[in-house]
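Please read these numbers as outputs of a predicted model, since none were measured by experiment. Labels below follow one simple rule: chain letters A, B, ... track the order of the sequence lines, proteins then strands, and each chain is numbered from 1.
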Amino acid sequence: MAAMRLSRLLFVTLREDPADAEVRSHALMARAGFLQKLAAGIYVYGPMMWRVLRRIEHIVRDEHDKAGCLEMLMPALQPRELWDTSGRWDRYVNDGILFHFKDRRGSEVCLGPTHEEVMTTYVQRQVQSYKQLPVILYQIQTKFRDEIRPRFGLMRGREFIMKDAYSFDTSAEAMVESYQRMREVYRSIFSRCGLRFTPVQADSGAIGGSGSEEFMVDADTGEDAIAVCRATSYAANLEKAVSRIPAPAQPAEELPMHKEPTPHARSCEDLLALFPELPITRMLKTVLYAVVYADGSEGVVAVMCRGDREINEVKLSNHLQALQLELASEEQVKAATGAEVGFAGPIGLASHVRLLADQSVEGVKGFLCGGNETGTHYLDVYFGRDLEQPETVDFGTVQAGDQVMDGEGEIEITRGIEVGHIFQLGTKYSEAMDATFSDENQKTKPIWMGCYGIGVSRVAASAIEQNHDEHGMIWPLPIAPFAVHLVQMKAGNAEQDALSLEIHDKLEAAGVDVLWDDRKKVSPGAKFKDADLVGIPLRIVVGRDAASRGVEWSLRAQAGEKEAISADEAMQRAIQMAQEAGR
RNA sequence: CGGGGAGUAGCGCAGUCUGGCAGCGCAUCUGCUUUGGGAGCAGAGGGUCGCAGGUUCGAAUCCUGUCUCCCCGACCA
């Protein structure tokens, strides 16, 4: 094998962050030449980056294969008809997320953002009998999503590498078994990658289905907020999380409802200033949404919510089975309430408005709400006495300090990067695409499905987001581009040349990959800075003690802790650590 | 989609207001010295100033159009 000499690796580092890098992982990978941006959300993976991605892929493959999953490869190009069959074409085009175009004959095609349709079709033609099930198929492939706003380097790209797997079972119970098996596969994968992560309950979103969990890499810079409880180990995506919220304040005496002038008071903050003795838990805001329903019809929905709480649009959208949900426009608010924005309330809404309430209104008495007239609010309003309580559902967002639903424990809000997501799909796709099997009694039944995704390129970015310092990246050993960074101080010095070559060859022979900095005319300082930047976990420095077979040993993660040891001892340590890390 | 900002050497930027030789730092190349935390000196190469059109004796600079990139908002009444 040819030695991995840095001087031959097209190795270029930048001293400054690129101007467009917003997060550390992106800036560091760009500075180290791992990544090069080609267009918004589209990146070239350089040779070092590709080694990392292959490491991750190797772990992903290994764990899937061990669990009996079958690897295959599906096309990236997909015909529209397939997506019309599942009914997702319009939704994805509406969301603007689908790359689609016409081929030379005028047929519409898209670049696959995911592969449920293709996979279900494949299985529909391939599977006839219960004897062929269960089966779990997977692929590692480039996915395409025209993100509304690509950002954060590899975190949210428009083209990215994803592992997607699909399970096929004969019953709901068997589907849950496959799902549980994949949960374990996912835990093993992220553990083996050397990442600290939290599995959380999740909303199933556009893909549809019932049970769903996300795997979040713990990182303060993560895009997603998650609700976790140390005491009960409850963990859920904020879109899904539920909690017991603090009880509202109660009025001292029951007063009749009355309307008060509240000029310019459009927010709870304004109203708190106006009525200083009224607690915010006795203010109910009414938020208006414009909704497009799944059948294409449109409407306006008003949702009541306690002043100190916030509405969770994902929960609301799911309950309404909405295709689109956004805050109502100024005009829509005026048409619904007859008032300027800021004075909406449940009493006297236009008849076309559907009124709902978040469960945070439960038990609130003598409350304030908008007057549906510019510059007025009602006070001392009671459900049951002054108006009927509208349909009340959990549309709330949990907040830090809430109590968990079952058991004793306080919820904390932390952040994470979603690197994996698993779903129980049920029969949604199999029914739409007629993927059925014959059971023991020759009865035709739809196949029960699950689907399971891992953002491979995102795993790499999140590893850096989680592990870096001011000098550069710190790769976990299992997924590092190389296990050992062999830093030769003075290339051309006979003793150093000989010892470096020996260390390189012996480690490679033992299956440990080595990046050998053999560059001439590069100062020691520059070599150390570059080594810090690329973050290879194990470091062996060949320098002044080369003649006596002495080297310096250090770990990138423990900068500053350097040991002078023999070359043989260093090799032994490197081999052992690489093996322990499963390389 | 809306709002803001930016496109000048591989990277980071100045120059644009007030039109007149296209600059600086890093990187690259050559030579000499240097070699355990981004070395020094001397020299060199590298640019259709995003693109198209216009104004002008003359445009990186002014005008029009266009493309691309980045940030903020997608928000609680």
Asks: For U66(B), which nucleotide in any strand shown is its Watson-Crick or wobble partner with both distances under 3.5 Å?
Replies: G50(B)
Asks: Determine whether the side chains of Ser462(A) and Glu465(A) contain a donor N or O and an acceptor N or O closer than 3.5 Å.
Replies: no
Asks: Using atom P in both nucleotides, what's the gap between A44(B) and G25(B) to the nearest angstrom?
Replies: 14 Å
Asks: Report all interatomic pairs (protein N or O, nucleotide N or O of nucleotides 68-70 of chain B) with separations under 3.5 Å.
Replies:
from: C69(B); atom 1: OP1; to: Ala40(A); atom 2: N; distance (Å): 3.1
from: C69(B); atom 1: O3'; to: Lys37(A); atom 2: NZ; distance (Å): 3.1

Asks: With heavy-atom distances below 4.5 Å as the criterion, would you say the side chains of Arg80(A) and His100(A) are in contact?
Replies: no
Asks: Tell me the salt bridge (Lys or Arg N to Asp or Glu O under 4.0 Å) pairs involving residues 8-20 of chain A, sequence neighbours left out?
Replies: Asp17(A)-Arg24(A), Asp17(A)-Arg31(A), Asp20(A)-Lys37(A)
Asks: Side-chain donor-acceptor pair under 3.5 Å between Glu214(A) and Gln201(A), yes or no?
Replies: no
Asks: What interatomic distance, in whole Å, is found between P of U28(B) and the corresponding atom of C11(B)?
Replies: 15 Å
Asks: Using atom P of each nucleotide, how far apart are G37(B) and G46(B) to the nearest Å?
Replies: 36 Å
Asks: Roughly how far apart, to the nearest Å, are A42(B) and C51(B) at atom P?
Replies: 35 Å
Asks: For A42(B), give the paired nucleotide (Watson-Crick: N1-N3 plus N6-O4 or O6-N4; G-U: N1-O2 and O6-N3; both under 3.5 Å), or none.
Replies: U30(B)
Asks: Expressed in whole Å, how much space separates the P atoms belonging to G50(B) and G12(B)?
Replies: 15 Å
Asks: For the C1' atoms, the ones on C32(B) and on C69(B), what distance do you get once it is rounded to whole angstrom?
Replies: 44 Å
Asks: Could you let me know what C1(B) is paired to, Watson-Crick or G-U wobble, both distances under 3.5 Å, or none if it's on its own?
Replies: G73(B)
Asks: Tell me the interatomic distance from Glu330(A), atom CD, to G2(B), atom P, rounded to whole angstroms.
Replies: 17 Å
Asks: In the 5'-to-3' direction, what one-character label does each nucleotide of nucleotides 34-42 of chain B receive under the scheme B = base within less than 4.0 Å of a protein heavy atom, S = sugar-phosphate only, - = no such atom?
Replies: -BBBBS---
Asks: Going by atom types only, do Asn237(A) and Glu418(A) share a side-chain donor-acceptor pair under 3.5 Å?
Replies: no
Asks: Are His319(A) and Phe395(A) close enough that their ring centres sit under 6.0 Å apart?
Replies: yes
Asks: Work out how far the C1' atom of A9(B) is from that of A22(B), and round it to whole angstrom.
Replies: 11 Å
Asks: Partner lookup for U56(B), please. Criteria are Watson-Crick or G-U wobble with both distances under 3.5 angstrom; report none if nothing qualifies.
Replies: none
Asks: Applying the salt bridge (Lys or Arg N to Asp or Glu O under 4.0 Å) criterion to Lys527(A), which one of Asp517(A), Asp532(A), Asp518(A) satisfies it?
Replies: Asp517(A)
Asks: Would Tyr43(A) and His26(A) count as a ring pair (Phe, Tyr, Trp, His ring centres under 6.0 Å) if you check the C-alpha gap in whole Å, the side-chain angles of each, and the deciding distance to 0.1 Å?
Replies: CA-CA 11 Å; Tyr43(A) 295 87; His26(A) 182 196; 5.5 Å; yes
Asks: So which protein nitrogen or oxygen atoms get under 3.5 Å of nucleotides 49-52 of chain B's nitrogens or oxygens?
Replies:
none

Asks: Give none if U61(B) has no partner; otherwise give the nucleotide forming a Watson-Crick or G-U wobble pair with it, both distances under 3.5 Å.
Replies: none
Asks: As a quick check of understanding, evaluate salt bridge (charged side-chain N to carboxylate O under 4.0 Å, His left out) for Glu391(A) and Arg354(A), giving each step before the final call.
Replies: CA-CA 10 Å; Glu391(A) 181 187 349; Arg354(A) 178 174 172 193; 3.6 Å; yes
Asks: Does a donor on one side chain sit under 3.5 Å from an acceptor on the other, for Thr337(A) and Asn372(A)?
Replies: no
Asks: Classify the ring geometry between His504(A) and Trp516(A) as parallel (under 30°), tilted (30 to 60°) or perpendicular (over 60°).
Replies: tilted
Asks: NZ of Lys520(A) versus C1' of C29(B): gap in Å, rounded?
Replies: 18 Å
Asks: Measure the distance from CZ on Arg156(A) to P on A74(B) and round it to the nearest whole Å.
Replies: 15 Å
Asks: Is the Phe367(A)-Phe383(A) ring centre distance short of 6.0 angstrom?
Replies: yes
Asks: Rounded to the Å, how far apart are Gln36(A) CD and C11(B) P?
Replies: 8 Å
Asks: Apply side chain to side chain contact (heavy atoms under 4.5 Å, CB included) to the pair Leu271(A) and His377(A), showing each step before the final yes or no.
Replies: CA-CA 9 Å; Leu271(A) 289 159; His377(A) 279 81; 3.6 Å; yes
Asks: Reading nucleotides 4-9 of chain B from the 5' end, what letters show protein touch, with B for base, S for backbone sugar-phosphate only, - for no heavy atom under 4.0 Å?
Replies: ------
Asks: Measuring only the P atom in each nucleotide, how far is G36(B) from G40(B)? A whole number of Å is fine.
Replies: 15 Å
Asks: Could you verify whether a donor N or O on one side chain and an acceptor N or O on the other, from Thr13(A) and Asp530(A), lie under 3.5 Å apart?
Replies: yes
Asks: Mind checking who C21(B) pairs with, Watson-Crick or G-U wobble, both distances under 3.5 Å?
Replies: none
Asks: So that I know where these two stand, are His258(A) and Tyr378(A) an aromatic pair - ring centroids less than 6.0 Å apart?
Replies: no
Asks: Taking atom types as modelled, find out whether Asp568(A) and Ser566(A) have a side-chain donor-acceptor pair closer than 3.5 angstrom.
Replies: no
Asks: What are the atom names and distances for every N/O pair under 3.5 Å that joins the protein to nucleotides 75-77 of chain B?
Replies:
from: C76(B); atom 1: O2'; to: Lys285(A); atom 2: NZ; distance (Å): 3.2
from: C76(B); atom 1: N4; to: Ile311(A); atom 2: O; distance (Å): 3.3
from: A77(B); atom 1: OP2; to: Lys285(A); atom 2: NZ; distance (Å): 3.0
from: A77(B); atom 1: O4'; to: Arg266(A); atom 2: O; distance (Å): 3.4
from: A77(B); atom 1: O3'; to: Arg266(A); atom 2: O; distance (Å): 2.8
from: A77(B); atom 1: O2'; to: Arg266(A); atom 2: O; distance (Å): 3.0
from: A77(B); atom 1: O2'; to: Gly342(A); atom 2: N; distance (Å): 3.0
from: A77(B); atom 1: O2'; to: Gly342(A); atom 2: O; distance (Å): 2.5
from: A77(B); atom 1: O2'; to: Phe343(A); atom 2: N; distance (Å): 3.3
from: A77(B); atom 1: N6; to: Leu288(A); atom 2: N; distance (Å): 3.2
from: A77(B); atom 1: N6; to: Leu288(A); atom 2: O; distance (Å): 2.7

Asks: Dump the intermediate steps for side-chain hydrogen bond (donor to acceptor under 3.5 Å, both in side chains) on Asp545(A) and Ser548(A), then the final yes or no.
Replies: CA-CA 6 Å; Asp545(A) 299 331; Ser548(A) 57; 5.0 Å; no
